[in-house]
Amino acid sequence: MSSQDQPHQISRTLRSFGESVFTEINRMAIQTNAVNLSQGCPDFDAPAFIREAAQEAINSGNNQYGPMGGATVLADAIVHDARDIMKMDIDAASEVTVTCGCTEAIAASILGILHEGDEVIIMDPAYDSYRPCLALANVASRSVTMKAPDFALDAAAIDAACSDRTRAIMINTPHNPTGRVFTRSELEALAEVCRRRDLIVFSDEVYNRMVFEGEHVSIASLPGMAERTITLCSLGKTFSVTGWKIGWSIAPPHLTAGIRAAHQFLTFGCAHPLQHAAAVALRNRADYYVQLVTNYRQRRDLLCEGLHRAGFSFNAPEGGYFVLCNHAHLGQPDDVAACRWLIEHAGVAAIPPSSFYADPTEGSQLMRFAFCKRIETIEAALERLGRL
Ligand SMILES: Cc1ncc(COP(=O)(O)O)c(C=O)c1O
């Protein structure tokens, strides 16, 4: 038997997750030359200041391993950033861990803090790495679904879903894929449940600089929450450098100890020169952040207007860079069929979000479009959708 004919050897834990449907959609999009609004990464380049900072960092000798918790300059810059966006004073040495993207921060937090047999509440639809990471840690997940079209965060439903094994809850705001920015009162209601039940919160805030309606509230900043919250962040979204994979966690020292216990054996550290560039990027960027929101708001409005014209129904996203639509008017049985159909008949690629749900039928009427794209790309997609 040639090595190509060998059956795939995938651990029992990961086998059920299979190949991501995103990989298939992306492959179809490339093969058919579709306008690609599926992937959540920009089709434009990162700003010059961050690219130049990376070149400078490489040329000035930061090319060997850095400290396990992250380069000191970056940890200090994260403290500065947290003061601005989270409204919190944190300690660089004992509360910040720099990781290989937010994806590693999620994995290290789960693997380093939770025990086999613990249970974690996940809000569906949920980013696709949460469930496999929990499975790798032998931790059970229980889903609470946020219902379309409002996708409200229902603290009472979360409370009702908790058992005596529940140890943590995972949230994400601004939210991928719904575009929700949880309100202060939604988060306060959740915080009350977490304090009463002594739960840890994993709060994924990678889109924290992309808010169009309302305000970004870090649940860690609410009373009694800093000591039980891990805030998970990424450089990739804010500075259009998704390929750099620089992320970080912010957590009190007793939780940071667990995160670092896993991080030291998972990756130990991410690209050291890029950490120095990230430190430059995170300092004094008030004007850049205003421009970022202006640019993304323009793209959001353009896409929303076009999708409405093409017959999709949805609530406009309050934050992040995705629009989650109902595709009923396309007449397809589910989201995967609808996305395949859209590539074939309109030449536009979107993401089928059923894999963001424990029960895929809950997402089967939905379709996700990304607007982290050039205006020309969005216009080209809308022109094609308009011909349907
Ligand atoms: C909600 C959410 N969390 C985490 C990530 C991963 O971030 P990173 O690329 O920094 O690993 C993404 C990327 O799409 C995301 O949408």
Side-chain angles (χ1 to χ4, degrees), residues 16-41 43 122-132 143 145-151 172 174-180 299-318 320-373 377-388:
S16 64
F17 295 101
E19 184 194 53
S20 150
V21 68
F22 310 154
T23 312
E24 184 209 323
I25 291 290
N26 212 37
R27 198 166 42 227
M28 269 181 88
I30 293 165
Q31 279 164 359
T32 58
N33 212 12
V35 180
N36 198 343
L37 300 189
S38 68
Q39 265 195 320
C41 64
D43 68 347
I122 295 189
M123 310 305 305
D124 278 353
Y127 181 60
D128 61 339
S129 84
Y130 300 166
R131 253 183 277 275
S143 298
T145 301
M146 301 188 290
K147 301 282 183 209
D150 297 330
F151 300 107
N172 167 216
H175 189 263
N176 170 13
T178 67
R180 277 303 319 281
R299 294 176 170 109
R300 174 193 78 149
D301 293 349
L302 178 67
L303 181 62
C304 286
E305 226 176 89
L307 289 175
H308 272 306
R309 253 186 283 120
F312 291 92
S313 59
F314 56 91
N315 285 352
E318 299 157 344
Y321 49 46
F322 303 105
V323 181
L324 192 62
C325 303
N326 185 298
H327 61 70
H329 69 298
L330 300 181
Q332 298 301 306
D334 61 38
D335 59 328
V336 177
C339 286
R340 288 192 186 123
W341 186 92
L342 202 69
I343 293 180
E344 280 162 20
H345 293 82
V348 175
I351 283 288
S354 52
S355 61
F356 285 67
Y357 290 84
D359 172 4
T361 58
E362 300 207 69
S364 69
Q365 291 312 301
L366 302 171
M367 187 179 265
R368 188 196 79 178
F369 292 89
F371 58 88
C372 46
K373 308 293 171 188
T377 309
I378 297 171
E379 282 173 344
L382 295 180
E383 207 256 321
R384 290 179 178 204
L385 290 176
R387 281 193 239 134
L388 272 180

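Keep in mind that what you see is a predicted model, and the values were worked out from it rather than measured.
- For the pair Asn26 and Ser38, the minimum side-chain heavy-atom distance is below 4.5 Å.
- Side-chain contact check for His175 versus Glu318: every heavy-atom pair is 4.5 Å or farther apart.
- Annotation for Pro177 and Leu324: closest pair O-CB, 3.4 Å, computed over non-hydrogen atoms.
- In terms of the salt bridge (charged side-chain N to carboxylate O under 4.0 Å, His left out) criterion, residue partners of Asp43 (sequence neighbours excluded) are, by chain and number, Arg374.
- Atom-to-atom distance recorded for Thr377:OG1 and Leu382:CG is 10.5 Å, nearest 0.5 angstrom.
- Two residues are said to be in side-chain contact when any heavy atoms from C-beta on lie closer than 4.5 Å; Asp124 and Arg131 meet this criterion.
- Ring geometry, His345 versus Trp341: the interplanar angle falls under 30°, so the pair is classed parallel (tilted spans 30 to 60°).
- At a cut-off of 3.5 Å, with distance as the only test, no side-chain donor of Ser355 or Asp128 sits close to an acceptor on the other residue.
- Pairing each heavy atom of Ala34 with each of Ile343, the nearest pair is CB-CG2, 4.2 Å.
- Across Ser354 and Pro360, no two heavy atoms sit closer than the pair CB-O, 3.2 Å.
- Distance check, rounded to the nearest 0.5 Å: SG of Cys41 to NZ of Lys373 gives 5.0 Å.
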Worksheet item: Checking side chain to side chain contact (heavy atoms under 4.5 Å, CB included) for the pair Tyr357/Ser143: CA distance, chi angles, key distance, verdict?
Response: CA-CA 8 Å; Tyr357 290 84; Ser143 298; over 6 Å; no

Item to complete: May I have the step-by-step check of side chain to side chain contact (heavy atoms under 4.5 Å, CB included) for Leu37 and Val323, ending in yes or no?
Response: CA-CA 10 Å; Leu37 300 189; Val323 181; over 6 Å; no

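- Two residues are said to be in side-chain contact when any heavy atoms from C-beta on lie closer than 4.5 Å; Cys339 and Met367 meet this criterion.
- Counting heavy atoms from C-beta outward, Leu342 and Gln332 have side chains that stay 4.5 Å or more apart.
- Looking only at side-chain heavy atoms (C-beta outward), Thr32 and Glu344 stay at 4.5 Å or farther from each other.
- Geometrically, Arg368 engages Phe322 in a cation-pi contact defined by less than 6.0 Å to the ring centre and at most 45° from the axis.
- In this structure, OH on Tyr127 lies 13.0 Å from CD1 on Ile122, to the nearest 0.5 angstrom.
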Worksheet entry | Val21/Ile351 under side chain to side chain contact (heavy atoms under 4.5 Å, CB included): CA gap, chis, key distance, verdict | CA-CA 8 Å; Val21 68; Ile351 283 288; 5.9 Å; no

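- The closest donor-acceptor contact from the side chain of Arg384 to the backbone of Val348 lies at 3.5 Å or more, if one exists at all.
- In this structure, Asp335 CG and Asn326 CG are separated by 11.0 Å, a value rounded to the nearest 0.5 Å.
- Between Asn36 and Ile25 there is no side-chain heavy-atom pair separated by less than 4.5 Å.
- The side-chain heavy atoms of Phe356 and Leu366, taken from C-beta on, include no pair separated by under 4.5 Å.
- In terms of heavy atoms, Tyr321 sits closest to Gly40 at OH-O, 2.9 Å.
- By the side chain to side chain donor-acceptor pair (under 3.5 Å) test, Asp334 pairs with no residue at all, sequence neighbours left out.
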Distance-only criterion, 3.5 Å: show the donor-acceptor pairs between side-chain atoms of residues 304-315 and protein atoms not counting sequence neighbours.
from   : atom 1 : to     : atom 2 : distance (Å)
Asn315 : ND2    : Pro149 : O      : 2.9
Asn315 : ND2    : Asp150 : OD1    : 3.3

Item to complete: Test side chain to side chain contact (heavy atoms under 4.5 Å, CB included) on Met123 and Asn172 and set out the steps.
Response: CA-CA 8 Å; Met123 310 305 305; Asn172 167 216; over 6 Å; no

